[in-house]
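The structure under discussion appears below in the form of structure tokens.
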Amino acid sequence: MEFENLKLENREGVLWVTVNRPDKLNALNVRTIGELGRAAELAAADGDVRAVVLTGAGDKAFVAGADIAELNTLGPEEAKEFGLRGQAVFNRFERLPKPVVAAVNGYALGGGCELAMACHVRIASANAVFGQPEVKLGLIPGYAGTQRLPRLVGKGRALELLLTGRNVKAEEAERIGLVNRVVEPEALVPAVDEFLSAVFRNGPLAVGRCIEAVQYGLDAPFDDGCMLEATLFGLCAASEDMAEGTAAFLEKRKAEFKGR
Ligand code: COA
């Protein structure tokens, strides 16, 4: 598949995925969702990709939502399929055992807020605006916003935002836990680089297993999550990285992780 609506760039092991429809504020049409799915597959399969960053083209929008022109024509069965397809693509990013960062550079509304929430970490510029305005269109979120928003900000806050459809500025988004960090627009890329540099100093297998433990454990019963954690902990003990990391500490030197 050729990429028409995404720009993909591997910068030193970080796959930057830029949604590139700036004239439509990077709204997600069906083609773009398909391309995002393909990008997630590429990121999963490519051993040279250590992390993924999702962002939007231009300085106004991350993603301003699903493409409302397409929504306008959907019948009920098509709309359900539309939701399931988008959910599967967003889940694919969330389930990558490599860090996935949203670099939120402007409007993150509807499907844009949902895409950012599917990322492991959200770093936003001070001009970012979040929201789930679907009720204003007579709709509800269709890309798992009703599920991820309460998990991030709590049920009461999520329902307040979902029922009013109101916009949330970056500062409030940070206060309620919707984003990890807010920086000035020109500091967005450096802040993402800084976060990933800190991650890359650690054992890559351990990083991937942390993501898996949180991802698959969080929605499982507590005991099952603990068992998953113990099993992944045990797997770490079979790695050269754990032998190296613990030995480096004891020998008071920097660890040289190999990712195996
Ligand atoms: N779907 C399709 N097109 C969209 C879009 C979306 N979600 N969001 C923006 N666009 C298009 C506009 O129709 C416009 O296209 P045009 O120039 O061909 O008319 C272009 O992007 C620029 O948007 P515009 O509304 O003129 O910019 P603005 O600065 O006045 O307003 C927003 C910005 C984000 C407040 C406004 O575009 C908006 O409310 N978008 C919809 C947000 C939404 O409801 N998302 C959830 C969808 S489920």
Side-chain angles (χ1 to χ4, degrees), residues 3-7 17-37 39 54-91 93-94 102-119 122 124-153 157-174 176 178-179 182 185 188:
F3 290 100
E4 265 177 24
N5 297 334
L6 297 185
K7 263 191 319 194
V17 178
T18 304
V19 181
N20 191 24
R21 297 181 77 210
D23 54 325
K24 296 292 176 195
L25 302 187
N26 305 319
L28 299 176
N29 60 4
V30 167
R31 173 153 190 125
T32 311
I33 288 286
E35 291 186 13
L36 280 170
L54 290 167
T55 194
D59 53 11
K60 195 167 165 187
F62 173 71
V63 164
D67 191 314
I68 298 171
E70 286 186 352
L71 291 180
N72 179 249
T73 64
L74 292 178
E77 289 305 322
E78 282 171 307
K80 183 177 176 186
E81 196 47 46
F82 177 96
L84 289 173
R85 206 175 319 128
Q87 288 171 0
V89 168
F90 288 15
N91 290 344
F93 279 109
E94 191 178 41
V104 184
N105 57 315
Y107 287 112
L109 299 175
C113 189
E114 291 168 299
L115 181 60
M117 290 193 291
C119 295
R122 283 149 293 285
S125 71
N127 68 333
V129 176
F130 296 80
Q132 297 289 164
E134 287 86 349
V135 284
K136 296 181 178 175
L137 302 169
L139 275 170
I140 68 169
Y143 292 159
T146 61
Q147 303 306 301
R148 289 199 176 95
L149 188 60
R151 282 168 170 77
L152 276 174
V153 304
R157 281 197 178 112
L159 278 169
E160 189 239 321
L161 297 179
L162 290 165
L163 300 186
T164 60
R166 78 172 170 87
N167 285 349
V168 172
K169 291 187 177 158
E171 194 183 314
E172 181 183 359
E174 186 179 29
I176 65 177
L178 184 49
V179 301
V182 177
L188 183 60

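Side chains are part of it too, since the values below use all heavy atoms of this structure and drop only hydrogens, waters and symmetry mates. As the structure lists them, so they are numbered: ligands from 1, and atoms in each ligand from 1. FYI, the numbering just counts along the sequence from 1.
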Checklist entry - Looking at ligand 1, does L71 have a heavy atom less than 4.0 Å from it? => result yes
Item to check | Sub-4.0 Å heavy-atom contact, A66 with ligand 1 | outcome: yes
Next on the checklist: Under 4.0 Å, heavy-atom basis, I'd like to know which part of A64 is in contact with ligand 1: side chain, backbone, both or neither.
Outcome noted: both
Checklist entry - To the nearest 0.1 Å, how far is atom 1 (N) of ligand 1 from its closest protein heavy atom, and which atom is that? => result I68 N, 2.9 Å
Checklist entry - Side-chain contact, heavy-atom cut-off 4.5 Å: L178 with M117? => result yes
Checklist entry - Any protein heavy atom lying closer than 4.0 Å to atom 25 (O) of ligand 1? => result no
Checklist outcome for this item: The salt bridge (charged side-chain N to carboxylate O under 4.0 Å, His left out) partners of E172 (sequence neighbours excluded) come to R166
Next on the checklist: With the threshold set strictly below 4.0 angstrom, can you tell me whether any protein non-hydrogen atom sits that near atom 21 (O) of ligand 1?
Outcome noted: yes
Next on the checklist: Can you check atom 38 (C) of ligand 1: any protein non-hydrogen atom closer than 4.0 Å?
Outcome noted: no
Checklist entry - Among side-chain atoms of T18 and N20, is any donor-acceptor pair under 3.5 angstrom? => result no
Next on the checklist: With the threshold set at under 4.0 angstrom, would you say K60 reaches ligand 1 through any of its heavy atoms?
Outcome noted: yes
Checklist outcome for this item: min-distance protein heavy atom vs atom 33 (C) of ligand 1 -> L25 CD1, 3.6 Å
Checklist entry - Does atom CG of N91 have more than 12 heavy-atom neighbours from other groups under 6.0 Å away? => result yes
Item to check | Protein non-hydrogen atom found under 4.0 Å from atom 41 (C) of ligand 1 | outcome: yes
Item to check | Residue pair L163, V135: steps toward the side chain to side chain contact (heavy atoms under 4.5 Å, CB included) verdict | outcome: CA-CA 7 Å; L163 300 186; V135 284; 5.6 Å; no
Item to check | S125 versus G106, closest heavy-atom pair with distance | outcome: OG-N, 4.3 Å
Next on the checklist: Does the protein come close to atom 7 (N) of ligand 1 - that is, does one of its heavy atoms sit below 4.0 Å from that atom?
Outcome noted: yes
Checklist entry - Is D23 in contact with ligand 1, taking contact as a heavy-atom separation below 4.0 Å? => result yes
Checklist entry - What residue and heavy atom of the protein are closest to atom 44 (O) of ligand 1, and at what distance? => result P133 CG, 3.6 Å
Checklist entry - With ring centroids as reference points, do F62 and F130 lie under 6.0 angstrom apart? => result no
Checklist entry - Are the side chains of I68 and L137 in touch, meaning some heavy atoms are under 4.5 Å apart? => result yes
Checklist entry - Do ligand 1 and K24 have nitrogen or oxygen atoms that lie under 3.5 Å from each other? => result yes
Checklist entry - Which atom names give the shortest non-hydrogen contact between N5 and T32, and what distance separates them? => result ND2-OG1, 3.0 Å
Checklist entry - Does atom 13 (O) of ligand 1 have a protein heavy-atom neighbour under 4.0 Å away? => result no
Checklist entry - Can you list every pair that meets salt bridge (charged side-chain N to carboxylate O under 4.0 Å, His left out) and has a residue in residues 126-151, with sequence neighbours left out? => result E94-R148, R151-D219
Next on the checklist: Can you confirm whether some protein heavy atom lies under 4.0 Å from atom 10 (N) of ligand 1, or whether none does?
Outcome noted: yes
Checklist entry - If you count the non-hydrogen atoms of other residues, nucleotides and ligands that lie under 6.0 Å from CD in E171, is the total more than 12? => result no
Checklist entry - Any protein heavy atom lying closer than 4.0 Å to atom 30 (O) of ligand 1? => result no
Checklist entry - Looking at L109, which atoms of ligand 1 are within less than 4.0 Å of one of its heavy atoms? => result 34 (C), 42 (C)
